[in-house]
Asks: 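What follows is a structure written as structure tokens; I'll ask about it next.
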Amino acid sequence: MAKTLVWVEHDNTQVKDATLAAVTAASQLGEVHLLVAGSGCAAVAESAAKIAGVGKVHLADNATLKDALPENVAPLIVEFMGHHDAFVAPATSNGKNIAPRVAALLDVMQLSDVLSVEGPKTFTRPTYAGNAIATVESSDAKLVITVRGTAFAKAKTSGGSGTVEAVSGGADAGLSSFVGAEIAKNERPELTSAKIIVSGGRALKDADTFQQVIFPLADKLGAGVGASRAAVDAGYVPNDYQVGQTGKIVAPEVYIAVGISGAIQHLAGMKDSKTIIAINKDEDAPIFQVADIGLVADLFNAVPELTGKL
Amino acid sequence: MKILVPVKRVIDYNVKPRVKADGTGVDLANVKMSMNPFDEIAVEEAIRLKEKGVATEIVAVSVGPAKAQETLRTALAMGADRAILVQTDDEVEPLAVAKILKAIAEVEQPGLVILGKQAIDDDSNQTGQMLAALMGCPQGTFASAVAVDGDAVTVTREVDGGLETVKLALPAIVTTDLRLNEPRYASLPNIMKAKSKPLATKSPADYGVDTAPRLKTLKVSEPPVRSAGIKVADVDALVAKLKELGIA
Ligand SMILES: Cc1cc2nc3c(=O)[nH]c(=O)nc-3n(C[C@H](O)[C@H](O)[C@H](O)COP(=O)(O)OP(=O)(O)OC[C@H]3O[C@@H](n4cnc5c(N)ncnc54)[C@H](O)[C@@H]3O)c2cc1C
């Protein structure tokens, strides 16, 4: 049976949800082993060991691994790949940053954003902003894949009985250093795991208007807040709100698109939502071609009214 | 400092891709092709670094068919100094592209290689990271700001939670995100001038790179199509629908 190594996405305190979908994908390939690389992250390894179906959890705890710098992390993973058949990472910004570096060092062609496991070396993955789904078979001896979080069920976070094994390694490659981060504090549900998302587009005019119109509706619904690229580019909200081909891929129960036209790059990030609701004043907006429920209206009247009536 | 900018010819981002009826790929016959939008941002960033006096020369590279010359001419018209076309009609995977770029970098010795973070056709998001691995260089992916200072470059990156800043030793690899800059349009005089800028044509074999694919595409299909649903008349009707969904 194939042995897989899953990169655990975490913040040195908690396992991030994206890991759980990667574990599910890996379990369809074979035995699941995890790598928790970080600094002061023993607690992460402990909780990772409880994820259902997990075998060994390798814990590499080293100051050089604190910020997931790919220059330091990739060589460590390459060492592990001496005795694993597949490297599996969630398609998060860390996963996308690290996995191709690992693949090149192993002389393997990576499969990005895998949607399903069709066989030991066969997968489906989206191309052309999700407009063409390719079924692809690898001929490499080892596999390197990143996994789209919305395409796999999350593995359970309890019931597992993995064993944590401390490992050394992760020396500073001396090529890069971490300067700092501006991680937005957000009280609302994270986009990639929110059940309901309210997204705003260019029509929201400016940051203040976006806040006054979109946020109260989201708060009423307990929803996460997303945005189109146009809204992010114009500075209404920070970059981590962007949904789409090059932003976050989401698939909530309900996605409410407000003043968003429905460009293919935006649809690529949300068209797997269970129910799509669109509010747009242009009845011909392409968003209505994918919306289950559409309301043709001026959002500046409709959204406050909706918020008031909920 | 020299900057290498790889550019790819892809389907224009305004075109809706259509899967071929026989399931072998996407129909590109008579479809408008353009420079990958992220690569335009890469070219623009290189030009800005040259305008700031940080870079001295910009070399644009494309791996692709003869028609990729047009993409390189666009880069030259925007402000690149010369171009290299590594000509092949085969589809070349990111790993092989990275190997070709590594071989070119060995000759050209750039201080920076600036690439788009992903191509909008295969959406792989791999080439820059792979090149960094092969060159043993640091990487600043998904960049929204780039500042060169002496023998280091500081890169602000768009990450899941917000922004992150890393400092990399040169030579380094940078991949561009959407908000790094807004690419300029080439002016007519510059388009004319670009025609006489040097463009060398090579082949993957010149660099000793085997481009045989590692991945075999068995099938390409349309994603499940969503059909348009209903339109409600007013907010009250929408509230009623939300109640049916159990969210209000
Ligand atoms: C390489 C590349 C990658 C991209 N990646 C992404 C991505 O990841 N995510 C993304 O979203 N986009 C992405 N885009 C951009 C995409 O092509 C569109 O430009 C963008 O999605 C448009 O945003 P929008 O719908 O908010 O704006 P617009 O297209 O301008 O639409 C605004 C809408 O608001 C409606 N409207 C205006 N006023 C009102 C009102 N008072 N009441 C109700 N409705 C109103 C209008 O009818 C219109 O439909 C990408 C583009 C490129 C080239």
Side-chain angles (χ1 to χ4, degrees), chain A residues 69-71 74 92-93 96-97 100-101 103-105 109-113 122 126-140 175-184 196 221 229 233 238-240 246 254 264 271 275 288-296 302 305-306 309-310, chain B residues 11 13 16-17 19 26 93-95 98 118 120-126 129-130 132-134 137-139 141-142 144 154 158-169 177-179 214-223 226 228-232 235-236 238-239 241-242 245 247-248:
Chain A
L69 291 171
E71 297 79 8
T92 53
S93 49
K96 292 181 201 169
N97 197 26
R101 192 164 177 113
L105 293 173
M109 178 54 207
Q110 174 180 316
L111 292 117
S112 297
D113 257 320
T122 308
T127 61
Y128 291 89
N131 286 292
I133 308 299
T135 305
V136 188
E137 184 184 36
S138 168
S139 63
D140 284 316
L175 296 171
S176 55
S177 57
F178 187 80
V179 178
E182 267 176 63
I183 300 301
I196 305 173
L221 295 168
R229 173 194 174 180
D233 283 2
N239 65 284
D240 49 299
T246 53
V254 179
I264 61 168
K271 68 178 160 54
T275 301
F288 287 125
Q289 292 164 18
V290 299
D292 301 284
I293 304 167
L295 174 63
V296 180
E305 185 186 344
L306 175 61
K309 284 178 172 166
L310 288 173
Chain B
I11 189 168
Y13 80 96
K16 176 151 165 52
V19 172
V26 165
E93 292 171 344
L95 180 62
Q118 75 194 66
I120 61 165
D121 51 3
D122 63 32
D123 280 333
S124 286
N125 194 333
Q126 297 174 2
Q129 296 88 315
M130 287 181 157
L134 297 177
C137 286
Q139 65 192 52
T141 53
F142 327 146
S144 64
T154 302
E158 292 204 359
V159 296
D160 292 337
L163 297 172
E164 180 181 298
T165 303
V166 290
K167 193 170 176 187
L168 314 174
D177 216 318
L178 294 170
R179 280 164 285 277
R214 308 289 187 83
L215 303 179
K216 187 170 163 199
T217 300
L218 305 177
K219 186 174 78 182
V220 176
S221 51
E222 299 256 6
R226 281 191 91 102
I230 55 151
K231 287 222 175 85
V232 291
V235 171
D236 287 326
L238 180 56
V239 172
K241 282 283 169 198
L242 290 175
L245 289 168
I247 67 160

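Just so we're on the same page: letters track the sequence lines, and every chain starts at 1. This one's a predicted model, so the numbers in the text were calculated from it and none came from an experiment.
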Asks: Please classify the contact of B:Ala132 with chain A as side chain, backbone, both or neither, using a heavy-atom distance under 4.5 Å.
Replies: both
Asks: Which region of B:Val232, side chain (C-beta onward) or backbone (N, CA, C, O), has a non-hydrogen atom less than 4.5 Å from a non-hydrogen atom of chain A, or is it both or neither?
Replies: both
Asks: With side chains defined as the heavy atoms from C-beta onward, is the minimum distance between B:Arg226 and A:Asp292 less than 4.5 Å?
Replies: yes
Asks: Please look at A:Leu295 and chain B and tell me whether the side chain, the backbone, both or neither of the residue comes under 4.5 angstrom of a heavy atom of that chain.
Replies: both
Asks: Side-chain contact test, heavy atoms from C-beta onward, threshold under 4.5 Å: evaluate it for A:Lys96 versus B:Gln118 and give yes or no.
Replies: no
Asks: Are the side chains of A:Leu306 and B:Val239 in touch, meaning some heavy atoms are under 4.5 Å apart?
Replies: yes
Asks: Are the side chains of B:Pro17 and A:Ile264 in touch, meaning some heavy atoms are under 4.5 Å apart?
Replies: yes
Asks: For A:Val290, is it the side chain, the backbone, both or neither that has a heavy atom under 4.5 Å from a heavy atom of chain B?
Replies: both
Asks: Is it the side chain or the backbone of A:Ile183 that comes within 4.5 Å of chain B heavy atoms, both, or neither?
Replies: both
Asks: Checking heavy atoms, do the side chain of B:Val159, its backbone, both or neither come under 4.5 Å from chain A?
Replies: both
Asks: Is it the backbone or the side chain of A:Ile133 that comes under 4.5 Å from a heavy atom of chain B, or both, or neither?
Replies: both
Asks: Are the side chains of B:Asp123 and A:Asp113 in touch, meaning some heavy atoms are under 4.5 Å apart?
Replies: no
Asks: Distance check, rounded to the nearest 0.5 Å: B:Lys216 atom NZ versus A:Thr122 atom OG1?
Replies: 9.5 Å
Asks: Treating A:Glu137 as the side-chain partner and B:Leu218 as the backbone partner, does any N or O pair qualify as donor plus acceptor under 3.5 Å?
Replies: no
Asks: From A:Lys309 NZ over to B:Leu242 CG, what is the distance, rounded to the nearest 0.5 angstrom?
Replies: 12.5 Å
Asks: Has B:Glu93 got a side-chain atom pairing as donor or acceptor with A:Met109's backbone, closer than 3.5 angstrom?
Replies: no
Asks: Drop me the distance from B:Asn125's CG to A:Asn97's CG, to the nearest 0.5 angstrom.
Replies: 8.5 Å
Asks: Given a strict heavy-atom distance threshold of 4.5 Å, which part of A:Ala291 is in contact with chain B: side chain, backbone, both, or neither?
Replies: backbone
Asks: Is the side chain of A:Ser139 donor-acceptor paired with the backbone N or O of B:Arg214 at a distance under 3.5 Å, no angle test?
Replies: yes
Asks: Please classify the contact between A:Ile293 and chain B as side chain, backbone, both or neither, with a heavy-atom cut-off of under 4.5 Å.
Replies: both
Asks: Has the side chain of A:Asn239 got a donor or acceptor atom that lies under 3.5 Å from a matching backbone atom of B:Gly162?
Replies: yes
Asks: Atom OG1 of A:Thr246 and atom CZ of B:Arg179: how far apart are they, to the nearest 0.5 Å?
Replies: 7.0 Å
Asks: Side chain, backbone, both or neither: which part of A:Leu111 has an atom under 4.5 Å from a heavy atom of chain B?
Replies: both
Asks: Tell me, for B:Leu245 versus chain A, whether the close heavy atoms (under 4.5 Å) come from the side chain, the backbone, both or neither.
Replies: side chain
Asks: If you tally heavy-atom pairs under 4.5 Å against chain B, which of A:Ala104, A:Ser176, A:Ser177 wins?
Replies: A:Ser177
Asks: Do B:Gln139 and A:Pro70 have side chains that approach each other closer than 4.5 Å (heavy atoms only, starting at C-beta)?
Replies: yes
Asks: How far does CD of A:Glu182 sit from OG1 of B:Thr165, to the nearest 0.5 angstrom?
Replies: 7.0 Å
Asks: Given that the side chain runs from C-beta out, which part of A:Glu305 has a heavy atom under 4.5 Å from chain B: side chain, backbone, both or neither?
Replies: both
